[in-house]
There are 2 protein chains.
Amino acid sequence: MQKGDGNLLRLVNTRATLRALRSGDQPTLTQLARATGLSRQTVEAVLGELAEQGLAEEIAPSEGGLGRPARRFRFRADAGYVLGLDVGAHKVLAMVADLDGNVVATERAPVAEDTPAPERLAALRQVGNDCVAAAGIVRTRLMAVAAGTAGIVDRSGRVTLSVVLPGWTGLDLAAQVGRWFGCTGLAGNDANLAAVAEHWRGSARHADDVVYVLAGHRLGSGILIGGRPHLGRTGAAAEIGTLRLLGWEDAAVELTREAAGETVFGSAARGERDGLLAVDRYARQLAQGTAALVLAIDPELVVVGGGFSKAGDHLLDPLRAHLAAMCLNAPEITASTFGDESVALGAIRMALDQVESEIKPLGH
Amino acid sequence: MQKGDGNLLRLVNTRATLRALRSGDQPTLTQLARATGLSRQTVEAVLGELAEQGLAEEIAPSEGGLGRPARRFRFRADAGYVLGLDVGAHKVLAMVADLDGNVVATERAPVAEDTPAPERLAALRQVGNDCVAAAGIVRTRLMAVAAGTAGIVDRSGRVTLSVVLPGWTGLDLAAQVGRWFGCTGLAGNDANLAAVAEHWRGSARHADDVVYVLAGHRLGSGILIGGRPHLGRTGAAAEIGTLRLLGWEDAAVELTREAAGETVFGSAARGERDGLLAVDRYARQLAQGTAALVLAIDPELVVVGGGFSKAGDHLLDPLRAHLAAMCLNAPEITASTFGDESVALGAIRMALDQVESEIKPLGH
DNA sequence: CCTCTTTATGTAAGGCGGTTACATATATCG
DNA sequence: CGATATATGTAACCGCCTTACATAAAGAGG
């Protein structure tokens with residue numbers, strides 16, 4: 001095969017086999033062959049390599065079928081684990097998942113908004129360690145760790161700018177978490193990772209171009225293009241808040257000044273005039289920033305997450321109305337499915353992508 | 001090789017060889033082998049297939065070197081041609097290029113702004129035919145044709161909406177031009193194609209994420225992500241003009257109402273107070289829409305094209321100033337290199353992409 | 001003029017990855 | 001118990017690519 005490319009074909013076929021293996025339910029050799037379009041022999045050889053790497057395993061043949069019992073295989077989701085972290089303004093959150101993305105442990109701890117960076121990092125590390133312990137695995141089984149955080153994060157995983165978390169700017173978060181847990185470290189913007197989570201298993205499963213709006217006391221946004229986060233030159237894509245004209249930054253401030261957000265949404269839900277008006281004002285300002293993103297990207301879907309998204313249609317309906325007025329042919333708008341845990345889940349997906357990208361056929 | 005994929009490896013190697021063949025200057029077999037990382041034999045075999053398809057050709061070996069004379073090859077750029085069209089408000093423009101993208105003929109004709117669709121189409125067809133004739137080729141040698149037009153064009157090449165060209169909405173432009181010229185037909189938004197042209201050979205050669213702003217009597221914009229046009233769900237990506245808040249649509253109107261744009265820029269160039277103020281107002285409004293796109297996409301580069309871009313820094317400098325005030329860390333801003341012909345050039349690149357995507361190894 | 005050096009071309013052999021074809025094994029069903 | 005269905009194992013073969021080595025054609029130097 002090609003000199004430089006060391007086994008392009010095997011790589012492709014390995015990926016195809018792995019996909020079939022994971023999507024099927026303990027499939028047989030013949031089923032895998034049919035699913036991948038490869039010959040039985042090839043699938044067998046690939047499975048051999050995967051078994052050597054601990055990624056596949058033959059299990060006992062099934063009882064009670066017609067004909068010779070088929071050899072069955074399964075993906076060894078427990079061959080390794082990944083850790084997803086979320087460093088927020090008020091909490092740190094950690095989740096451990098196996099290679100199938102099944103979450104096996106979750107740990108969280110509250111953090112004060114004005115906590116300085118070193119303590120926040122210590123809390124993050126602590127919650128990460130606790131989570132690994134709770135998952136009942138040793139740290140060496142972690143294959144990658146990813147962290148989501150508020151602020152602008154560049155491609156390398158360094159925090160370029162964070163106005164929310166004190167002392168956060170300049171932090172090399174990816175390298176930091178990598179060192180802590182002795183594996184590849186990654187980091188990304190929280191809204192982007194939340195979007196990734198929604199695209200993986202949430203509201204945005206069937207959309208590839210997505211605008212994610214994080215609507216809470218803080219406003220944030222993320223963009224998925226072709227199912228992958230769009231970072232831009234500096235990692236600042238979707239940071240529409242900077243354009244004062246759109247009133248994006250002011251929205252939440254205003255709402256929280258008037259009252260605790262929850263109270264306002266409760267009031268609106270009860271149909272009280274003041275609450276309805278406040279929510280509508282908020283939705284309008286939210287819509288202005290969202291409209292700018294929607295018009296720029298023309299996404300298939302807008303997902304609204306963050307604390308206020310719990311209000312559901314009480315927030316979404318006015319948002320839909322305002323957005324429809326601002327963009328002709330506005331896209332569908334839906335609420336996030338994961339709420340609080342979406343950032344950590346997105347981090348898990350990011351870590352899994354990293355792990356999967358490292359799977360190579362071993363060239364004997 | 002794989003059942004479905006009929007020759008993945010050969011396809012990859014064919015592409016690699018083709019790239020090396022085209023970038024080199026009549027390279028020898030050995031040079032090609034070195035450039036592609038493939039063995040000489042493989043390259044030889046691939047060239048054989050390419051020669052069968054008329055895409056490569058052996059030429060006389062070079063004189064006067066040391067050692068046995070090497071066999072030389074060249075890419076047959078004249079194996080086929082593509083046609084690029086631009087349907088504007090005031091003109092129709094056609095260009096024929098060979099497979100290397102060398103433009104061999106250009107034809108244009110003025111069209112009145114209020115020309116109804118059938119006549120505009122007739123003019124387009126006419127100018128296309130004239131251009132093919134001027135290129136001195138028969139129509140059957142056209143391998144693809146692409147057209148750029150103002151308005152929203154969906155993925156299939158149908159005009160979903162055009163407010164500028166009367167009767168244009170609903171037109172299946174791609175199919176139309178394909179029928180006319182008896183080959184694959186494509187169509188796209190003019191600003192997007194202009195961006196493609198700039199990325200191909202113009203100001204945006206070294207940038208993959210680009211925002212293109214068409215600044216003329218009409219305003220338009222296009223987005224390149226990863227070097228390719230980003231269309232969005234309906235093809236309306238970058239149509240930021242809809243957001244009235246940004247005053248995008250009003251900008252040009254105002255400028256043209258005050259005076260012919262050129263006069264204003266001339267006045268500004270002479271340092272006259274009125275002209276400078278008018279240009280600054282225009283630049284400010286232009287910057288608002290541009291800022292929204294820049295913040296959403298975080299591109300590496302903003303390219304300004306369209307009629308007013310001829311004013312150069314007289315327009316760009318105030319634009320830079322306003323943009324810097326609106327986005328922290330604003331990207332570089334530069335003028336288009338192709339001006340008037342960028343849309344047709346982008347159409348040519350689009351057609352070439354289509355042709356190149358169709359190159360497959362013939363499976364003997 | 002002949003030979004050496006340099007460069008490149010031809011030809012053969014072999015490996016890797018994959019497929020097809022056919023014989024063989026092990027269930028259930030009548 | 002054999003017929004049937006299903007799946008496994010083995011062998012032969014083919015395509016694509018690479019390495020290795022012999023051969024060819026030029027200039028350079030005696």
Side-chain angles (χ1 to χ4, degrees), chain A residues 1-18 20-21 24 26-52 56 58-73 360-364, chain B residues 1-18 20-21 24 26-52 56 58-73 360-364:
Chain A
M1 298 296 116
Q2 254 169 309
K3 226 180 299 185
D5 277 22
N7 293 26
L8 176 58
L9 215 44
R10 239 317 148 69
L11 181 64
V12 169
N13 290 341
T14 301
R15 289 208 201 292
T17 305
L18 214 39
L21 179 65
Q26 304 190 331
T28 72
L29 228 45
T30 323
Q31 283 170 342
L32 286 173
R34 216 190 315 275
T36 56
L38 299 170
S39 76
R40 196 164 32 85
Q41 341 277 59
T42 302
V43 172
E44 199 175 356
V46 169
L47 281 172
E49 286 189 13
L50 288 175
E52 271 188 67
E58 184 165 2
I59 58 175
S62 56
E63 312 265 316
L66 199 65
R68 175 170 179 170
R71 295 170 63 185
R72 301 195 97 88
F73 293 83
K360 299 266 155 57
L362 22 77
H364 287 286
Chain B
M1 300 294 115
Q2 252 169 312
K3 227 180 298 184
D5 278 22
N7 292 27
L8 176 57
L9 215 45
R10 241 311 149 72
L11 181 64
V12 169
N13 289 342
T14 303
R15 289 208 201 291
T17 305
L18 215 40
L21 180 64
Q26 305 190 331
T28 71
L29 269 183
T30 322
Q31 283 169 343
L32 285 173
R34 216 189 315 274
T36 56
L38 299 170
S39 75
R40 195 164 32 86
Q41 338 279 55
T42 303
V43 172
E44 197 174 359
V46 168
L47 281 173
E49 286 190 11
L50 288 175
E52 271 189 67
E58 183 165 2
I59 59 176
S62 56
E63 312 265 316
L66 200 64
R68 177 171 178 170
R71 296 170 62 186
R72 301 195 98 88
F73 293 83
K360 299 266 155 56
L362 21 77
H364 288 289

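Only a predicted model underlies this, so the values are computations on that prediction, with no experimental measurement involved. Chain A is the first sequence line, chain B the second, and so forth, proteins listed ahead of strands; every chain is numbered from 1.
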Between CG of A/L38 and OG1 of A/T14, what distance do you get to the nearest 0.5 Å? 9.5 Å
Rounding to an integer number of Å, can you tell me how far A/L9 CG sits from D/dC16 C1'? 10 Å
Using a heavy-atom cut-off of 4.0 Å across all strands, would you classify B/T30 as base, sugar-phosphate, or nothing? sugar-phosphate
For B/P69 and for A/T42, find the nucleotide of DNA chain C with the closest heavy atom, then tell me which residue's nucleotide is more 5'. B/P69
Could you check whether the side chain of B/R40 and the base of C/dG10 have a donor-acceptor pair of N or O atoms closer than 3.5 Å, going by distance alone? yes
What is the distance, rounded to the nearest whole Å, between atom CG of A/L8 and atom P of C/dC16? 17 Å
5'-most by nearest nucleotide on DNA chain C - A/V46 or A/R68: A/V46
When we call it a touch if two heavy atoms are under 4.0 Å apart, what does B/Q41 touch: a base, just sugar-phosphate, or nothing? base
From CD of B/E44 across to C1' of D/dC16 the rounded distance in Å is 14 Å
Using whole Å, report how far CD of A/E58 lies from C1' of D/dG9. 13 Å
Please state whether the phosphate of C/dG17, meaning OP1 or OP2, lies under 4.0 angstrom from any side-chain nitrogen or oxygen of A/N13. no
Out of C/dA8, D/dA7, C/dG17, minimum distance to the side chain of A/A70 belongs to D/dA7
Return the value, rounded to whole Å, for the distance between atom CG of B/L32 and atom P of D/dC17. 15 Å
Round to a whole Å and report the spacing from CG of A/L38 to P of C/dT20. 11 Å
Is there, by distance only and without an angle test, a donor paired with an acceptor across the side chain of A/R71 and the base of D/dG9 below 3.5 Å? no
Side-chain touch A/Q26/A/Q31, heavy atoms, less than 4.5 angstrom: no
What is the separation between atom CZ on A/R72 and atom P on C/dT26, rounded to the nearest whole Å? 18 Å
Report the distance from atom CD of A/E44 to atom OG1 of A/T17, rounding to the nearest 0.5 Å. 11.5 Å
Separation of atom CD in A/E49 from atom C1' in C/dG17, rounded to whole Å: 11 Å
Hey, does A/L47 have a side-chain heavy atom less than 4.5 Å from the side chain of A/L32? yes
Do the non-hydrogen side-chain atoms of A/N13 and A/T36 ever get within less than 4.5 Å of each other? no
Ranking A/L66 and A/L29 by the position along DNA chain D of their nearest nucleotide, the one closer to 5' is A/L66
